[in-house]
Amino acid sequence: MTKEFQDGTVRTVDELMNPLELFVRYGQSCSHIQKDILKKITSEEHIKIERMCFGEVPTDEKFMRKSFPIAFEWLDVIADGKPLDEDIIDGYFLFYHNRRIHEKQGNYRKVPATLRTFCLARVAQIKEVITHDGTPVYRCEDEGELLTSIGRVVKDAEVGEWIITHQGLTVRKISLDRLDRLANMYAKTPGYEAIARSLELRHGFVR
Amino acid sequence: MCFAIPGKVVSIDKDTQTAEVDYDVEIRTVGIPLLPELKIGDYVLVQAKIAVQIVPEKQVEQFKESLAVLDESEEEL
């Protein structure tokens with residue numbers, strides 16, 4: 001099965017869930033602050049990120065590395081010379097990114113709780129599926145907290161299934177077996193503190 | 001850093017279940033079927049052009065104050 005993008009590119013389904021496509025599903029939500037607050041990307045670049053996220057154009061690694069340079073530096077350190085894959089991307093958000101938020105590191109200590117926790121990558125179980133203008137909306141639960149997640153890029157999730165939701169967007173479905181495997185894998189990666197220190201030294205910021 | 005940016009509801013169209021949301025830099029039209037209690041002046045978080053959560057105004061004020069002291073050298077997300 002193939003999909004034709006708006007720019008005419010045709011790719012197979014297997015290629016659709018490549019690591020970069022997964023990354024941009026997480027990253028597009030965060031690109032608003034890059035555009036509106038920090039002015040690090042232009043409106044045109046922001047639109048391109050959104051279109052990549054929603055599958056309207058293929059991902060562009062060079063462009064993404066330019067748009068999220070420090071995040072990719074983290075990912076490359078975690079990958080330790082291996083190609084980026086889905087495990088590295090999901091693990092980065094579920095364990096590194098979430099840890100920084102939970103521990104209120106760096107800028108996260110300056111931001112109110114609602115806005116901070118909305119940025120967590122959360123694993124939640126779907127309790128109800130409703131539809132708005134053809135887009136599924138998942139009412140889901142994470143440790144007793146009810147969440148709303150928009151299924152713009154994951155349209156086939158069903159009640160009882162588990163998803164990763166980030167800033168209100170359903171990033172992907174995930175099995176609890178895979179979640180366990182990721183947690184075990186990340187427990188064995190190079191120490192978080194060592195990676196953080198190395199990047200602090202390079203960029204001069206304090207966590 | 002990865003933060004949600006709240007926008008202020010400046011108008012509501014109940015017929016189309018949409019609202020105009022002001023982000024200072026631009027006004028965006030978003031769907032509001034998930035937040036029937038929404039009213040003008042509320043602040044919301046939006047995903048894929050659908051408002052998904054109301055943010056308490058006090059937290060919005062805290063957020064605005066925090067913008068002046070953000071460290072721009074941190075990773076993007």
Side-chain angles (χ1 to χ4, degrees), chain A residues 23 26-27 29-38 40 43 50 53-54 67-74 92-93 97 100-101 105-116 118-120 130 132-133 135 137 139 147-153 165-169 199 203-207, chain B residues 1-9 13-19 21-38 42-77:
Chain A
F23 177 90
Y26 286 104
S29 306
C30 312
S31 65
H32 286 281
I33 198 163
Q34 297 290 101
K35 174 177 76 77
D36 293 342
I37 307 295
L38 301 177
K40 288 188 173 182
S43 293
E50 287 202 324
C53 171
F54 297 134
S67 302
F68 304 99
I70 308 175
F72 271 95
E73 193 169 343
W74 268 85
Y92 170 83
F93 284 94
H97 169 83
R100 295 190 57 234
I101 295 174
Q105 295 179 6
N107 284 326
Y108 290 112
R109 81 172 66 91
K110 304 167 188 169
V111 175
T114 301
L115 305 180
R116 189 172 60 240
F118 194 63
C119 299
L120 288 166
I130 56 179
H132 170 64
D133 276 352
T135 300
V137 177
R139 302 284 200 186
L147 308 169
T148 299
S149 188
I150 308 297
R152 173 89 183 259
V153 292
T165 179
H166 178 241
Q167 286 216 23
L169 182 72
L199 289 168
H203 295 288
F205 55 76
V206 178
R207 284 171 195 283
Chain B
M1 71 206 83
C2 166
F3 297 138
I5 302 177
K8 186 175 186 176
V9 176
D13 184 334
K14 289 196 181 299
D15 291 336
T16 59
Q17 291 196 83
T18 59
V21 177
D22 187 353
Y23 285 90
D24 288 338
V25 292
E26 63 185 344
I27 291 177
R28 300 173 195 150
T29 302
V30 307
I32 56 169
L34 307 177
L35 301 173
E37 73 277 30
L38 196 67
D42 283 344
Y43 285 85
V44 289
L45 300 179
V46 174
Q47 179 54 262
K49 297 182 179 175
I50 300 175
V52 295
Q53 191 171 332
I54 296 174
V55 183
E57 190 163 356
K58 187 176 179 184
Q59 295 207 11
V60 175
E61 295 306 318
Q62 290 173 354
F63 175 71
K64 288 179 177 175
E65 290 168 12
S66 73
L67 294 180
V69 292
L70 290 182
D71 181 349
E72 297 182 12
S73 68
E74 287 192 9
E75 58 267 41
E76 302 81 12
L77 40 87

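Not measured: the values here are computed from a predicted model. Just so we're on the same page: letters track the sequence lines, and every chain starts at 1.
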Review point. Given a strict heavy-atom distance threshold of 4.5 Å, which part of B:Ile5 is in contact with chain A: side chain, backbone, both, or neither?
Key: side chain
Review point. Does the side chain of B:Pro6 reach to within under 4.5 Å of the side chain of B:Leu45, using non-hydrogen atoms?
Key: yes
Practice item. Measure distances from B:Glu61 to the heavy atoms of chain A and classify the residue's part below 4.5 Å as side chain, backbone, both or neither. Key: neither
Practice item. Go through the atoms of B:Gln53 and report whether side chain, backbone, both or neither lie under 4.5 Å from a heavy atom of chain A. Key: side chain
Revision key, fill the gap. Okay, A:Ile150 and chain B: the region with an atom under 4.5 Å from a heavy atom over there is side chain
Point to revise | chain B contact via A:Ile130 - side chain, backbone, both or neither, heavy atoms under 4.5 Å | key: side chain
Check your understanding: Under a 4.5 Å heavy-atom cut-off, does chain B meet the side chain of A:Arg152, its backbone, both or neither?
Key -> side chain
Review point. How about A:Tyr26 and A:Tyr92: are their ring centres within less than 6.0 Å of each other?
Key: no
Check your understanding: Can you tell if the side chain of B:Lys8 reaches within under 4.5 Å of the side chain of B:Val60, non-hydrogen atoms only?
Key -> no
Check your understanding: When you measure from the side chain of A:Gln34 to the backbone N and O of A:Lys40, does any donor-acceptor pair fall under 3.5 Å?
Key -> no
Review point. Would you say the side chain of A:Ser43 lies within less than 4.5 Å of the side chain of B:Val25, judging by non-hydrogen atoms?
Key: no
